[in-house]
Amino acid sequence: MDRRSVKLAPSILDADFGHLAAQIDEAVKAGADRIHVDVMDGHFVPNISMGASIVRSLRNLTALQLETHLMISDPDFFLDEFVEAGSDSFLVHWEGNNNLHRTLQRIKALGKRAGVVINPATPASVLEEVLPQIDQVLVMTVNPGFGGQHFLHTTLPKIKRVRQMIEEINPACELELDGGIDSETAPLGVAAGADVLVAGTAVFDRQGVTTAMNKLRASLEPAA
Ligand code: DX5
Ligand code: ZN
């Protein structure tokens, strides 16, 4: 993996919503490749976060790709609303979806990029049938629901397996990680095969977004 081609996707879950425009502006200027929006319904995960109105506000703030991570029951019911609001791609969980293939078909029919998310306890093997159909795999490196959790190192062998499967089945598919990514864990994830990293608390940090993004990028530079 060429470490310099790794994409960074700041998650706004831990942004300061009182200054969202300024925070997005800073993330964009600091080289964010896309913006990650965590949607939680208090049912699929034990937390409530944001809905389509936030995507609509973000759409007015940036031309960057808005990727929408749906941690909700019945994601199909909400796809149209998020598309209207401005979502460019959807990350939907394998867990709890009895008709995942249909959900992916609907996302593609709406003309959007589709990704499948697997939780820490879910094996890589469940991806085999859907891999030809999708643009992204998202491996959760924490249990979904909250920002600021510790990266689960036990997911690293699975990330390697997913990378192998992608190379065999659909090399164009991206491999993204979400949860506990910081300057210590980012290089481990990239070494295991990731090419997109979501980072929430490591970006929207007290040290400032620019400093935080620079630190994260620097951790991915090859040692001199
Ligand atoms: C967790 C969310 C993440 C979260 C990441 O369920 O999916 O996107 O915002 O936050 P950090 O980077 O702080 O783990
Ligand atoms: Zn997320």
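For ligands, and for the atoms within them, numbers begin at 1 and follow the listed sequence. Everything quoted here is computed from the prediction, not taken from an experiment. Hydrogens, waters and symmetry mates play no part in the numbers below; they use all other heavy atoms, side chains included.
Here the protein heavy atom with the shortest distance to atom 5 (C) of ligand 1 is Asp178 OD1, 3.5 Å. Nearest protein heavy-atom contact of atom 9 (O) of ligand 1 is Ser11 OG, 2.8 Å. Protein heavy atom closest to atom 10 (O) of ligand 1, with residue, atom name and distance, is Gly147 CA, 3.5 Å. Nearest protein heavy-atom neighbour of atom 13 (O) of ligand 1: Thr201 OG1, 2.6 Å. Of all protein heavy atoms, the one closest to atom 1 (C) of ligand 1 is Phe146 O, 3.5 Å.
Salt bridge Arg163/Asp195: present, at least one basic N to carboxylate O contact under 4.0 Å. A salt bridge does not link Asp16 with Arg206: every distance from a Lys NZ or Arg NE/NH1/NH2 to an Asp or Glu carboxylate oxygen is 4.0 Å or more. Salt bridge absent: Arg106 and Asp74 never bring a charged side-chain N and a carboxylate O closer than 4.0 Å. We find that Lys108 and Asp135 are joined by a salt bridge, their nearest charged nitrogen and carboxylate oxygen being less than 4.0 Å apart. For Glu174 and Lys7, the salt-bridge test passes: some basic side-chain N is under 4.0 Å from an acidic carboxylate O.
Considering backbone and side-chain N/O of Gly148, one or more are found under 3.5 Å from N/O of ligand 1. Checked by distance only, ligand 1 and Gln149 stay at 3.5 Å or farther apart across all their nitrogen or oxygen atoms. Ligand 1 has a nitrogen or oxygen under 3.5 angstrom from a nitrogen or oxygen of Gly180. Considering backbone and side-chain atoms together, Met40 places no N or O closer than 3.5 Å to any N or O of ligand 1. Checked by distance only, ligand 1 and Gly200 come closer than 3.5 Å through their nitrogen or oxygen atoms.
In terms of distance to the Zn ion (ligand 2), the nearest N, O or S atom of Asp38 is named OD1.
Between the ND1 atom of His69 and the OD2 atom of Asp178, the angle taken at the Zn ion (ligand 2) works out to 90° after rounding to 10°.
When side chains are defined from C-beta on, Asp41 does not count as touching Met71, because their heavy atoms never get closer than 4.5 Å.
Taking every non-hydrogen atom of Ala199 and a distance limit under 4.0 Å, the qualifying atoms of ligand 1 come out as 12 (O).
Taking the six-membered ring for Trp and thresholds of 30 and 60 degrees, His93 and His69 have nearly parallel ring planes, at less than 30 degrees apart.
With respect to Leu104, the side-chain contact (heavy atoms from CB on, under 4.5 Å) criterion is satisfied by exactly one of Asn99, Asn97, Ile134: Ile134.
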